[in-house]
Amino acid sequence: MTPPPGSQFGGNRFGAPRQDDPNKKWICGRLSVTGEPCPQGPSKRGYCQATRECSPAKIGGAWRCRRAPANGGPCEEGPGWRGRCPHKKPACKPQRTLRAQRETVARWAALLTVGILALTFAYSADTTLLMPGKLTAAHSALGKCSTCHTNVKDGKLGWLHSVIARTTPEKDAKACLTCHMMGEAALNPHGVRSSELTAMSKRLEGYLADISTPITASLRNTILPASNLTANGVYCATCHQEHQGQSFDLTTMTNDRCQSCHKVQFASFRSGHPKFEKYPFKRRTRIFFDHGKHFGEHFSEWTKKNPGTTAPPAICADCHNLSADNKHMGVKTFAEACSTCHIKQITGADRAQGPKGIAFFTLPGLDLETLKQKGINVGTWPKQAEGEMTPVMKLLIGWDDERRDMLRRVESLDLLDLTNASNDDLRMVQKFAWEVKYLFYALGTLTPSRVIARISASTGTKLDEHRLSELSSTLPRDVIATAQSQWLPKLKTEIEQGRRAGWTAWLQQNSFEEEALAAIRNERNLSPAPAPESAPMEATMEPPAVPSRQSPAEKKMETPKEDMAPPEERPTAPAPKIVRDKEEKPQAAPEAAAQPGPASEPPTKSGDQTDDLLIDEKDIPKGGNASLDNRDGSDDRSAGVMQIVTRQINAAAKGPIRLAQRLRINEFGEIVEEDEGPKARSTAPRRDEPAPVQPTPKPKTTTPQPAVEPAAKQTAEPPSREVKSAPVPLPAPAAPAPKQLPPPTPKAAKKVTPKAAAIKKIEKPRRNAPAKNLKTPVLDTENWAEFGGWYRQDYSINYKPTGHADRFLRAWLDVTGQAYTGADFDAASALFDELSHKDAQGQCNKCHSIDTSNSGHLQVNWKPSTLTTRSSAFTKFGHAPHLSLFDKNLCLTCHQMSDAKGQKKTYEGHDPSNFVSNFKQVDQTKCAECHTPSKAKDNCLLCHKYHKEPARTPIHSTKLPN
Amino acid sequence: MQRVAVNSLIAICAVAIFSWILWAYDTSLRDPQYFDGWILFSGMLLQLFLHIRKQFPAFSLGRAASWLQAHIYGGYVLVIMFAFHTGATLPDGFFEWILWTLFLIVALSGAVGSYLTWSIPARLEHFPIRISFETMPAMRFKLAKDMEAVAAYSASQIGSKSISELYAQSLSGFFKAPKNIFAHLRNSRRPLTRLISQIDDAERYADPKGQETLRQIKGLVYRKDQLDYQYAHHWLLQTWSFIHIPATHCLFIAVIVHIAAVYAYSTGAP
């Protein structure tokens with residue numbers, strides 16, 4: 001046997017042939033049987049190729065035998081004509097090489113793996129077997145992978161879709177944000193807006209010069225800058241890697257990762273961390289409290305002045321306590337820490353002089369004499385009213401530009417002396433007067449919230465129901481009703497007449513009046529009112545000196561010869577007669593329709609002027625307050641009685657029977673009968689007798705009496721009659737404390753009527769001063785409201801703080817602060833300034849600081865710093881773990897008192913960052929003593945938060961079960 | 001020793017650099033598992049070059065021994081990569097367990113193989129000729145045939161009954177198949193010594209011709225023992241690859257599924 005070519009078996013001492021090709025998959029079967037493999041070997045597919053003794057070769061066109069000499073050499077027969085050896089040999093059974101067997105095993109193993117995986121996927125309930133690890137316990141309830149992996153479809157092979165259609169990290173991050181709401185800038189670094197981030201970066205750039213970046217960090221920043229990644233946002237999974245086990249802390253973050261984006265990078269807290277700057281006080285405290293002053297002066301003074309009473313605080317814990325989460329050291333409540341010394345300052349009990357309440361509504365004083373002379377009709381207006389308009393009223397009246405212009409102009413005038421006022425000014429005063437009246441009318445007619453809602457239009461701020469409730473819910477209807485009935489007894493009639501006649505069309509621009517009417521209609525379940533009565537009237541009647549844009553009125557104002565005369569003196573056609581007298585009603589209505597009054601004609605007769613002074617049972621409105629709006633659907637019968645009486649009192653002022661001499665409304669809004677002695681009682685009219693008519697004193701004017709129709713002469717009186725009539729014996733408000741007025745100008749002096757002069761001789765009282773000439777020995781209203789609340793005094797309705805955290809005052813400060821512009825003639829700003837003045841009643845802002853908000857308005861800090869207010873800070877600190885580590889100085893270990901002065905001065909401004917602290921900043925080296933990697937640790941997240949705003953969890957909109 | 005020190009130093013430096021890169025990758029808000037995962041997969045692909053080299057010996061792709069050396073070093077590096085990639089922690093998911101187990105099998109079998117490829121050539125180096133595993137049966141058959149011829153000669157020409165009995169009782173079985181595999185792997189010569197002692201015992205009673213025949217038999221026994229020694233070690237070399245290579249096939253399939261799943265569920269940092 002010839003050894004295979006290339007084999008070394010010939011030299012092998014074993015004498016065996018060698019199979020050289022290691023990749024051969026088959027070996028001859030004879031090798032293991034005879035030790036002599038055939039030279040051909042098996043085919044590639046493993047078939048024996050040595051089934052004959054030789055493989056003939058074609059040489060020279062003929063087949064030649066090539067049998068080996070060992071097998072006998074070439075045979076005699078030779079190959080057949082097809083070149084096939086005629087000597088057959090039994091075929092061997094080729095064997096697979098070990099390598100081939102190994103490959104086969106490998107293939108089968110691979111197939112087995114595929115099969116196992118396929119079966120596993122097929123029989124598994126879901127794709128959780130692909131999860132690299134369990135979800136954290138908080139997320140373990142998330143059933144589907146597609147909840148977080150937004151591009152993965154449902155189903156066992158749904159994940160393969162995501163392999164092809166890749167998603168963006170942002171899309172997945174937004175899936176996180178559906179449960180962890182982080183605001184609009186959630187994916188920005190730290191969840192803050194870019195502008196804020198830029199500002200923060202700029203602020204930190206100041207440290208660059210002092211802090212050197214570690215070499216490794218510099219190299220890292222050069223090779224793999226993080227800024228490239230964060231340019232488009234930092235996605236949730238960048239830091240929060242899930243599938244790391246149930247108890248894995250998803251918020252784990254290394255210091256190096258924290259710093260990777262920062263311009264200032266340092267080695268550790270102890271080495272390189274920026275020094276504390278104004279920490280922990282980056283702004284002034286929200287509640288002004290001068291620790292030094294209290295420790296040094298106030299506490300000792302209190303002890304001296306009040307021996308044996310409650311001792312002032314002696315230790316920090318007397319005023320400060322640890323919050324529920326043991327982190328924040330807060331301030332105790334006012335009642336716990338401050339009330340003992342400061343409550344009287346709030347309620348006004350300590351106020352030695354000046355009013356204790358705040359005037360919210362007043363009836364401004366007007367120079368009625370001049371107005372009358374100039375023919376300016378303001379209707380009924382008490383001559384004793386001498387107050388000034390309050391900022392609240394300005395706010396409620398000046399709800400549009402036109403009215404604000406009016407108020408601005410009126411403010412520039414001396415309303416008590418209009419002798420030098422121009423016609424335009426007077427027209428403005430008239431309009432102003434009617435606006436004031438309409439305000440009082442609205443206050444009594446509508447729900448207070450609807451009136452207060454005007455602030456929205458005045459300030460542009462939106463008021464929700466809660467805020468409206470705070471602003472208006474305490475307004476007492478009775479005080480307003482009483483004030484209205486005494487100050488402006490014919491208010492309702494005047495307004496309604498004006499509205500019917502159309503000359504108050506400009507007042508109807510007040511949307512809430514329409515609302516009120518609609519509300520009343522709804523309340524009574526009536527069909528909608530017919531077209532406004534004023535519409536046809538307006539077409540036929542010219543309003544009397546209406547300060548509106550209606551041209552006829554303006555024209556008349558420009559030609560005052562006739563029209564400027566008082567309405568009652570003008571020889572004009574009779575005004576529409578609107579009476580309530582049953583007998584007159586049938587005639588009056590058509591008359592009013594048929595004979596519209598002139599433009600300058602005021603209503604000649606009001607309903608109450610025709611009423612009997614004695615109360616008739618049937619006159620008592622069933623539906624409540626007659627003086628305000630007897631269409632009110634309420635069932636307050638007693639109020640109705642009171643209003644009828646009030647109306648009669650007003651009628652008595654001009655009628656023959658002076659019921660008001662017996663009946664009066666006292667300071668408390670109660671109807672009382674004054675004891676006028678037997679004589680007076682004997683002259684009192686009986687119920688069934690007609691009331692004797694008391695002639696109205698004639699006014700001493702040079703102007704001619706207007707032609708009044710006879711019926712009107714007996715029953716009606718022009719609205720401005722009080723100027724010329726005898727003083728109405730109204731109760732206390734009509735008797736202000738005397739005050740010297742400045743001498744009138746010569747021109748004014750000439751025109752002043754004796755009555756007006758007499759009035760002006762009376763000393764003008766302070767607006768809110770208590771009346772001193774009360775005859776009834778009762779407590780004045782201000783002192784009666786010992787613990788605060790509403791009360792009426794003179795011609796003003798006042799509010800006295802009820803104590804700390806007064807909801808009403810607080811709401812007004814909030815609303816006006818929100819609308820604060822600081823501009824001149826800005827009613828909201830004026831009101832805020834008045835309420836927040838250091839000497840204002842309540843003295844809210846003595847302690848509660850005022851900040852300028854982001855929108856440029858003002859915001860009163862009602863609460864001290866809390867966890868909520870500090871939640872947006874990047875730094876966090878827990879007091880509790882540190883309390884046991886103090887040295888002998890206890891709290892002063894960290895909070896050392898500062899000698900800096902001028903703290904109070906900084907609170908006069910509205911910039912919270914401009915402040916002087918009572919304490920020095922905390923020393924960072926003190927913290928670094930413990931906060932090292934080996935002791936208390938110095939992880940960034942130990943003291944800092946990444947997300948400025950904490951995540952909020954949405955409440956899902958679950959439909960109510962049927 | 002110096003070579004080991006140099007190699008160790010290089011290995012330490014490589015691991016240190018790789019660790020720093022991973023640190024930089026991680027601290028620059030990237031996900032290092034993508035980075036070391038692809039490094040790991042690339043390394044696994046590189047390991048396949050040994051197989052390619054063996055499949056295509058005709059191409060001048062370098063010496064197979066060098067490839068094997070690179071394959072072994074690469075294997076150790078991949079174990080370190082794997083430790084980085086997995087955080088050197090046990091897996092937590094079903095599929096992760098499959099991956100981890102397969103990698104462990106491949107790595108362990110590879111480690112065993114590297115030990116064998118390091119230790120067995122040293123054992124076989126005193127043999128002048130290396131024999132391929134496939135040709136050993138032919139050699140074994142030839143030795144058996146030679147032995148049979150010697151036995152037949154001694155029985156017919158010498159008439160030695162003891163030689164015939166020796167052949168019938170011990171030698172025929174010895175030459176028929178590979179014997180004493182585990183003894184050879186343990187480098188134990190006890191079976192050979194026992195057989196040789198039997199021949200020596202028979203020699204004591206044989207005549208000079210018989211003694212000559214027994215010396216020839218002894219020579220054949222030694223050669224058969226050497227053949228068995230080589231067979232045992234080659235068998236071991238071949239057998240461990242029956243674990244390593246099929247496990248590698250399985251691992252690659254699992255890795256491909258793993259990569260697909262990773263990118264299907266990927267989110268966050270690149």
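This structure is a prediction, so every number in the text was calculated from the model and none was measured. Chain identifiers are assigned alphabetically (A, B, ...) following the order of the sequence lines, protein sequences preceding nucleic acid strands; residue numbering begins at 1 within each chain.
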If you round to the nearest 0.5 Å, how far is [atom2] of [Y] from [atom1] of [X]?
{"X": "F35(B)", "Y": "L224(A)", "atom1": "CZ", "atom2": "CG", "answer": "8.0 Å"}
{"X": "T97(A)", "Y": "Q238(B)", "atom1": "OG1", "atom2": "CD", "answer": "9.0 Å"}
{"X": "W23(B)", "Y": "T216(A)", "atom1": "CH2", "atom2": "OG1", "answer": "4.0 Å"}
{"X": "F121(A)", "Y": "F95(B)", "atom1": "CZ", "atom2": "CZ", "answer": "6.0 Å"}

Steps toward side-chain contact (heavy atoms from CB on, under 4.5 Å) verdict (L98(A), F242(B)): CA-CA 9 Å; L98(A) 207 59; F242(B) 267 77; 3.9 Å; yes
Using non-hydrogen atoms and a 4.5 Å limit, figure out which bit of [X] sits close to chain B: side chain, backbone, both or neither.
{"X": "T113(A)", "result": "side chain"}
{"X": "L117(A)", "result": "side chain"}
{"X": "C261(A)", "result": "side chain"}
{"X": "L219(A)", "result": "both"}
{"X": "Q101(A)", "result": "both"}
{"X": "C258(A)", "result": "neither"}
{"X": "V152(A)", "result": "side chain"}

R220(A) and S28(B): CA distance, side-chain angles, deciding distance, side-chain hydrogen bond (donor to acceptor under 3.5 Å, both in side chains) verdict: CA-CA 7 Å; R220(A) 187 264 321 272; S28(B) 61; 6.0 Å; no
Just wondering, more than 12 heavy atoms not from [X] lying within 6.0 Å of its [atom1]?
{"X": "K218(B)", "atom1": "NZ", "answer": "yes"}
{"X": "F252(B)", "atom1": "CZ", "answer": "yes"}
{"X": "I215(A)", "atom1": "CD1", "answer": "no"}
{"X": "K25(A)", "atom1": "NZ", "answer": "no"}

Do you know which two heavy atoms are closest between [X] and [Y], and how far apart they sit?
{"X": "A106(A)", "Y": "I245(B)", "result": "CB-CG2, 4.2 Å"}
{"X": "L130(A)", "Y": "A261(B)", "result": "CD2-CB, 4.1 Å"}
{"X": "V163(A)", "Y": "A264(B)", "result": "CG2-CB, 3.6 Å"}
{"X": "P246(B)", "Y": "R102(A)", "result": "CG-O, 4.4 Å"}
{"X": "C250(B)", "Y": "A109(A)", "result": "SG-O, 3.4 Å"}
{"X": "R257(A)", "Y": "R30(B)", "result": "NH2-O, 3.4 Å"}

Side-chain heavy-atom pair S162(A), Y265(B) within 4.5 angstrom cut-off: no
Pick from N221(A), L112(A), T120(A) with the largest number of heavy-atom pairs that fall under 4.5 Å of chain B: T120(A)
Segment of I98(B) engaging chain A (4.5 angstrom heavy-atom cut-off): side chain
W20(B) portion near chain A, given a 4.5 angstrom heavy-atom threshold: side chain
Short side-chain to backbone donor-acceptor contact, D256(A) and T27(B), under 3.5 Å: no
